[in-house]
Student: 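Can you keep this structure in mind? I'll have questions shortly.
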Amino acid sequence: MHDTVQRLQALRHGAISGPDGERHFVALDREAIRHVIAEWALCRDTGRWERLRSLYAPDATVQTTWFEGRADEFVDRSMKAFGKGGRSQHLIGASAIDVCGNRAIAETRIVLLLRAQVGTAQADVTCHGRFYDFLERQAWQWLLRKRVPIYEKDRIDPVDPLQQLELDQEVLSRFAEGYRHVAYVQFLAGATLTKDLIVPGSAEERALFNEGVAWLATGEAQT
């Protein structure tokens with residue numbers, strides 16, 4: 001990351017100029033943003049809390065199935081759950097990244113993996129979705145300013161294929177299809193679930209995309 005920052009500074013101060021320089025600058029921005037998103041997942045899943053905290057802007061906000069609020073509180077609560085044995089994995093896929101000056105939007109494919117107790121059996125939950133991130137460059141560092149998840153589909157499987165999961169269909173039906181089983185196991189664990197998460201193809205998703213366009217439109221170049 002330090003090498004990328006040095007290259008960005010050199011480029012902005014004229015080490016590379018013209019159209020080729022600007023294209024190179026955008027490519028380096030995207031490289032740095034991908035690094036932030038990938039590092040977020042690794043730090044979150046392995047308990048590197050202070051590094052995770054450093055990836056957020058001071059006023060950043062986070063939304064998940066079980067949390068909505070300031071990023072600092074999200075890190076604190078994640079750390080507490082980790083200390084109690086809570087584990088999850090976030091697999092990061094391809095990102096589509098738009099940059100305008102010191103602001104960016106990144107939409108990233110993700111797979112969320114959870115292991116949980118369901119009755120007498122252990123279960124694995126797999127959820128496919130996207131992170132929609134608002135990012136801002138501050139002091140030559142790209143930081144997460146706002147993250148909104150879009151959960152598309154999920155499934156639940158017994159860890160032992162010879163065991164059968166007994167799911168409460170009434171409880172299961174309370175949750176949206178895209179994250180139904182994730183919410184179910186979190187509900188069983190006592191989590192307070194976030195209401196009105198964005199559903200793919202909804203008016204709320206279109207409004208989020210419009211918010212992203214407006215965020216980019218007010219970006220200003222870093223000097």
Student: Between K80 and E73, does any NZ, NE, NH1 or NH2 come within less than 4.0 Å of an OD or OE carboxylate oxygen?
Tutor: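 So E73 does not pair with K80 through a salt bridge.
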Student: Indicate whether any N or O donor in one side chain lies under 3.5 Å from an N or O acceptor in the other, for T218 and R103.
Tutor: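 A pair is found: one side chain offers a donor N or O, the other an acceptor, under 3.5 Å apart.
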Student: Between CG of L165 and CG of D157, what distance do you get to the nearest 0.5 Å?
Tutor: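 Result: 8.0 Å between the selected atoms.
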Student: Taking all non-hydrogen atoms of both residues into account, name the closest pair between E68 and T194 and its distance.
Tutor: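 In this case the closest contact between E68 and T194 is OE1-CG2, 3.6 Å.
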Student: Do Q63 and P149 have side chains that approach each other closer than 4.5 Å (heavy atoms only, starting at C-beta)?
Tutor: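 Contact flag for Q63/P149 side chains = yes.
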Student: Run the numbers on E205 and I150 for side-chain contact (heavy atoms from CB on, under 4.5 Å), then give the verdict.
Tutor: CA-CA 8 Å; E205 184 185 51; I150 304 169; 3.8 Å; yes
Student: At what distance, to the nearest 0.5 angstrom, does OH of Y184 lie from CG of L167?
Tutor: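 Y184 OH to L167 CG: 5.0 Å, rounded to 0.5 Å.
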Student: Does N210, at its CG atom, have more than 12 non-hydrogen atoms belonging to other residues, nucleotides or ligands within less than 6.0 Å?
Tutor: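 Enclosed: over 12 neighbouring heavy atoms sit under 6.0 Å from CG of N210.
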Student: Is the shortest heavy-atom distance from the side chain of V111 to the side chain of C127 under 4.5 Å?
Tutor: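 Result no, sub-4.5 Å side-chain heavy-atom pair not found.
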Student: How are the rings of F74 and F67 set relative to one another: parallel (under 30°), tilted (30 to 60°) or perpendicular (over 60°)?
Tutor: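 Ring orientation, 0 to 90° scale: tilted.
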Student: How many angstroms lie between CG in L208 and CD1 in I198, if you round to the nearest 0.5 Å?
Tutor: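 It is 4.5 Å, given to the nearest 0.5 Å.
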Student: Do D76 and R53 make a side-chain contact, defined as non-hydrogen atoms from C-beta onward lying under 4.5 Å apart?
Tutor: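 A side-chain contact under 4.5 Å exists here.
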Student: Checking side chain to side chain contact (heavy atoms under 4.5 Å, CB included) against I97, which of D29, T108, I33, D133 comes through?
Tutor: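 One option only clears the test, and that one is I33.
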Student: Membership question, hydrophobic clusters at under 4.5 Å side-chain separation (ILVMFWY): are I110 and V199 in the same one?
Tutor: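 V199 does not cluster with I110.
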Student: Under the rule for ring pair (Phe, Tyr, Trp, His ring centres under 6.0 Å), what residues qualify as partners of Y179, not counting sequence neighbours?
Tutor: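 With sequence neighbours excluded, Y179 shows a ring pair (Phe, Tyr, Trp, His ring centres under 6.0 Å) to Y151, given in chain and number order.
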Student: Let's go through V148 and F131 carefully: what are the C-alpha distance in whole Å and the side-chain angles of both, what is the deciding distance for side-chain contact (heavy atoms from CB on, under 4.5 Å) to 0.1 Å, and is it a yes or a no?
Tutor: CA-CA 6 Å; V148 179; F131 282 153; over 6 Å; no
Student: Closest approach of I37 and R147, non-hydrogen atoms and distance?
Tutor: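 So the two residues come closest at CG2-NH2, 4.2 Å.
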Student: Would a 4.5 Å heavy-atom cut-off, applied to side chains only, mark V185 and L114 as touching?
Tutor: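 A side-chain contact under 4.5 Å exists here.
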Student: Give a yes or no on this: more than 12 heavy atoms of other residues, nucleotides or ligands lie within 6.0 Å of atom CZ of R174.
Tutor: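 Atom CZ in R174 is packed in, count exceeds 12.
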Student: Go through the steps to decide whether R70 and T61 satisfy the test side-chain hydrogen bond (donor to acceptor under 3.5 Å, both in side chains), and finish with yes or no.
Tutor: CA-CA 4 Å; R70 292 183 60 85; T61 60; over 6 Å; no
Student: Can you check side-chain contact (heavy atoms from CB on, under 4.5 Å) on S78 and W66, steps first, answer last?
Tutor: CA-CA 10 Å; S78 297; W66 58 271; 3.7 Å; yes
Student: Can you list the steps and then say if E177 with K153 is a salt bridge (Lys or Arg N to Asp or Glu O under 4.0 Å)?
Tutor: CA-CA 7 Å; E177 182 179 357; K153 65 176 183 178; over 6 Å; no
Student: Hey, mind stepping through D72 and R77 against salt bridge (Lys or Arg N to Asp or Glu O under 4.0 Å) and telling me if it holds?
Tutor: CA-CA 9 Å; D72 273 344; R77 289 180 58 181; over 6 Å; no
Student: Evaluate the side-chain proximity of L172 to H181: yes if any heavy-atom separation is below 4.5 Å, no if none is.
Tutor: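 Side chain of H181 against side chain of L172, heavy atoms only: contact under 4.5 Å found.
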Student: Would you mind reporting whether L42 and R48 have side-chain heavy atoms less than 4.5 Å apart?
Tutor: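 Yes, at least one pair of side-chain atoms sits under 4.5 Å.
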Student: Could you go through C100 and W215, starting from their C-alpha distance and side-chain angles, then the distance that decides it, and tell me whether this counts as side-chain contact (heavy atoms from CB on, under 4.5 Å)?
Tutor: CA-CA 9 Å; C100 183; W215 168 259; over 6 Å; no
Student: Step through the shown structure and confirm whether more than 12 heavy atoms of other residues, nucleotides or ligands are within 6.0 Å of CD on E166.
Tutor: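 No - once you tally the heavy atoms of other residues, nucleotides and ligands closer than 6.0 Å, there are 12 at most.
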Student: Can you confirm whether Q163 is buried at CD, in the sense that more than 12 heavy atoms of other residues, nucleotides or ligands lie under 6.0 Å from that atom?
Tutor: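 Counting neighbours around CD of Q163, more than 12 heavy atoms of other residues, nucleotides or ligands fall under 6.0 Å, so yes.
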Student: Check whether W40 reaches the backbone of A38 with its side chain - one donor and one acceptor, N or O, closer than 3.5 Å.
Tutor: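 Answer holds: no.
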Student: Quick one, L143 and V36 - any side-chain contact, counting heavy atoms below 4.5 Å?
Tutor: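 Not in contact.
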Student: Which pair of non-hydrogen atoms, one from R87 and one from F82, has the smallest distance, and what is that distance?
Tutor: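 That closest heavy-atom pairing would be NH1-O, 2.9 Å.
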Student: Closest heavy-atom contact between V99 and R30?
Tutor: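 For V99 and R30, the tightest heavy-atom pair comes out as CG2-CG, 4.3 Å.
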Student: Could you tell me whether D154 and R180 have a side-chain N and a carboxylate O separated by less than 4.0 Å?
Tutor: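 No, no charged N to carboxylate O under 4.0 Å.
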Student: Please evaluate residues E211 and R206 with respect to the criterion salt bridge (Lys or Arg N to Asp or Glu O under 4.0 Å), reporting the C-alpha separation (whole Å), side-chain torsions for both, the decisive distance (0.1 Å), and the verdict.
Tutor: CA-CA 9 Å; E211 183 183 353; R206 292 191 293 274; over 6 Å; no
Student: Verify whether the ring centers belonging to W142 and H35 lie closer than 6.0 Å.
Tutor: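 No - the distance between ring centres of W142 and H35 does not fall below the 6.0 Å cut-off.
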Student: To the nearest 0.5 angstrom, please state how far the CG atom of L112 sits from the NE2 atom of H90.
Tutor: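 Nearest 0.5 Å value for the CG-NE2 distance: 5.0 Å.
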Student: Could you check if a side-chain atom of P58 sits within less than 4.5 angstrom of a side-chain atom of Q138, using non-hydrogen atoms only?
Tutor: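 A side-chain contact exists here, since the closest heavy-atom pair is under 4.5 Å.
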Student: If you round to the nearest 0.5 Å, how far is OG1 of T126 from CD of Q89?
Tutor: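 Reported to 0.5 Å precision, the distance equals 10.0 Å.
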Student: What are the two closest non-hydrogen atoms of R115 and D124, and how far apart are they?
Tutor: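 Where R115 meets D124 most closely, the heavy atoms are NE-OD1, 2.8 Å.
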Student: Check the hydrophobic clustering (I, L, V, M, F, W, Y; side-chain heavy atoms under 4.5 Å; chains of links allowed) and say if V125 and V159 are grouped together.
Tutor: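 V125 and V159: separate clusters.
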Student: Could you tell me whether R51 and E39 have a side-chain N and a carboxylate O separated by less than 4.0 Å?
Tutor: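 Yes.
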Student: Would you call R145-D59 a salt bridge at under 4.0 Å N-O?
Tutor: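 Salt bridge between R145 and D59, a charged N being under 4.0 Å from a carboxylate O: yes.
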Student: For R34 versus S95, what's the shortest heavy-atom pair and its separation?
Tutor: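 Here R34 and S95 meet closest at NH2-O, 4.3 Å.
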Student: Should we say atom CD of Q122 is surrounded by more than 12 heavy atoms from elsewhere, each under 6.0 Å from it?
Tutor: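 Yes - once you tally the heavy atoms of other residues, nucleotides and ligands closer than 6.0 Å, there are more than 12.
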Student: What's the spacing between L135 CG and L144 CG if we round to 0.5 Å?
Tutor: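 It is 5.0 Å, given to the nearest 0.5 Å.
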